[in-house]
Amino acid sequence: MSKSRRVRMSSQERREQLIDVARGLFADRGYDGTSVEEIAMTARVSKPIVYEHFGGKEGLYAVIVDREMQSLLGSIRSTLADTTASERELVAQAADALLEYVQSESDGFRILVRDSHVGETTGTFAGILSEVASRVEDLLVYHFRIRKLDPKTAPMYAQMLVGMVGLTGQWWLDHRHHKKEEVTAHVVNLAWNGLRGLEKTPPKLPSMTPEERSDHT
């Protein structure tokens, strides 16, 4: 066989290649700004190959959104499952998990936060934050009861807290003037202490290696 001839990809390899190519294009140009022709051209395949694997641009986009959603949710769920952490530590770990995703998977995060009619059927960033808020709600109900606060207001506060972290992540995506640990510390400072009780130097979450992070999953 000639050395110049390309090695034929398996069906699964081709599928993964198309996902990888489209992920970058969708992150850079959005759903409406990306065409099947451009995806095929970048992947060096014909348009029918894209349709064969995903049925079209919408199907491909849905697969990518679902993957990113599950990746982010999995990371945040693992932090909220830590039974040894205090309430403040859980808030810090959840915020850190989202910001870590912003930092390490910027393309995926850009896709999730974009508004798209397609995303509404497969899970939007707002939907992800809502699911996280429902988990945080249980923690807040417990904490509110201990402090003799009305537990019925916990769902509202959960939405406020998670929404604040989510919007901060969107801002930090394009404003990397501060390190992730600093952003996490200040988010928790506001969430935990309120404006009147802000600490001058809020404590940072201890750094964790990828191996240590995986131990929580």
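All residue numbers in this chain count up from 1 along the given sequence.
Taking hydrophobic clusters as Ile, Leu, Val, Met, Phe, Trp and Tyr residues chained together by side-chain heavy-atom distances below 4.5 Å, V187 does not share a cluster with L167. I19 and I111 fall within the same hydrophobic cluster, defined by Ile, Leu, Val, Met, Phe, Trp and Tyr side-chain heavy atoms under 4.5 Å apart, directly or through other members. Follow the hydrophobic side-chain contacts under 4.5 Å out from L161 and you never reach Y142; the two are in separate clusters. Under a hydrophobic-cluster definition in which Ile, Leu, Val, Met, Phe, Trp and Tyr are linked whenever side-chain heavy atoms come within less than 4.5 Å, directly or via other members, V136 and W192 are assigned to the same cluster. In the hydrophobic clustering of ILVMFWY residues, with side-chain heavy atoms under 4.5 Å counting as a link, M164 and V91 come out together.
When atom types are taken as modelled, the side chain of E13 and the backbone of S10 share a donor-acceptor pair closer than 3.5 angstrom. At distances below 3.5 Å, not a single donor-acceptor pair connects side-chain atoms of S75 with backbone N or O atoms of L72. Between the side chain of E182 and the main chain of K179, a donor-acceptor pair closer than 3.5 Å is present. Counting only distance, with no hydrogens or angles, the side chain of K47 and the backbone of A40 share no donor-acceptor pair below 3.5 Å. When atom types are taken as modelled, the side chain of S71 and the backbone of R67 share no donor-acceptor pair closer than 3.5 angstrom.
Nearest heavy atom pair, residue W171 against residue H178, reads CH2-CD2, 4.2 Å. Counting all heavy atoms, side chain and backbone alike, A133 lies closest to V162 at CA-CG2, 3.7 Å. Taking both residues in full, the closest heavy atoms of A185 and P202 are given as O-CB, 3.6 Å, listed atom of the first, atom of the second, then distance. Contact between T153 and F144 at its shortest, heavy atoms only, is OG1-CE2, 3.3 Å. Nearest heavy atoms, I76 versus A97: CG1-CB, 4.1 Å. Of all non-hydrogen atoms in A43 and Q17, the two that sit nearest each other are O-NE2, 3.1 Å.
Here the straight-line distance linking atom CD of Q103 with atom CZ of R176 works out to 6.0 Å at 0.5 Å rounding. Rounding to the nearest 0.5 angstrom, the gap separating the CG atom in D107 from the CD atom in E68 is 8.5 Å. Atom CD of E137 is separated from atom OG of S134 by 7.0 Å, given to the nearest 0.5 angstrom. Taken from CD in E100 to OG1 in T184, the straight-line distance is 9.0 Å, to the nearest 0.5 Å. Taking CG of L98 as the reference point, atom OG1 of T168 lies at 9.0 Å (rounded to 0.5 Å). Rounded to the nearest 0.5 angstrom, L99 CG and S104 OG are separated by 10.5 Å.
Residues V183 and K204 form no side-chain contact, since every pair of their non-hydrogen atoms from C-beta on lies 4.5 Å or further apart. The side-chain heavy atoms of P203 and R88, taken from C-beta on, include a pair separated by under 4.5 Å. Taking 4.5 Å as the limit, some side-chain heavy atom of Y51 sits within range of a side-chain heavy atom of V36. Side-chain atoms of E52 and R15, non-hydrogen and from C-beta on, never get closer than 4.5 Å to each other. Using a 4.5 Å heavy-atom threshold, the side chains of L173 and S106 count as touching. Looking only at side-chain heavy atoms (C-beta outward), V132 and L73 come within less than 4.5 Å of each other. At a threshold of 4.5 Å between non-hydrogen side-chain atoms, the residues K57 and S35 do not count as touching. Within the 4.5 Å cutoff, the side chain of I49 has heavy atoms near those of the L18 side chain.
Ring-plane geometry between Y31 and F26 is classed as parallel, the angle between the planes falling under 30 degrees on a 0 to 90 degree scale with a further cut at 60.
Here T42 pairs with V21, L25, E38 under the side-chain contact (heavy atoms from CB on, under 4.5 Å) rule; sequence neighbours left out.
M156 pairs in a side-chain contact (heavy atoms from CB on, under 4.5 Å) with only one of the listed residues (K152, Q159, M160), which is M160.
Aromatic rings from Y61 and F54 are positioned such that their centres are separated by 6.0 Å or more.
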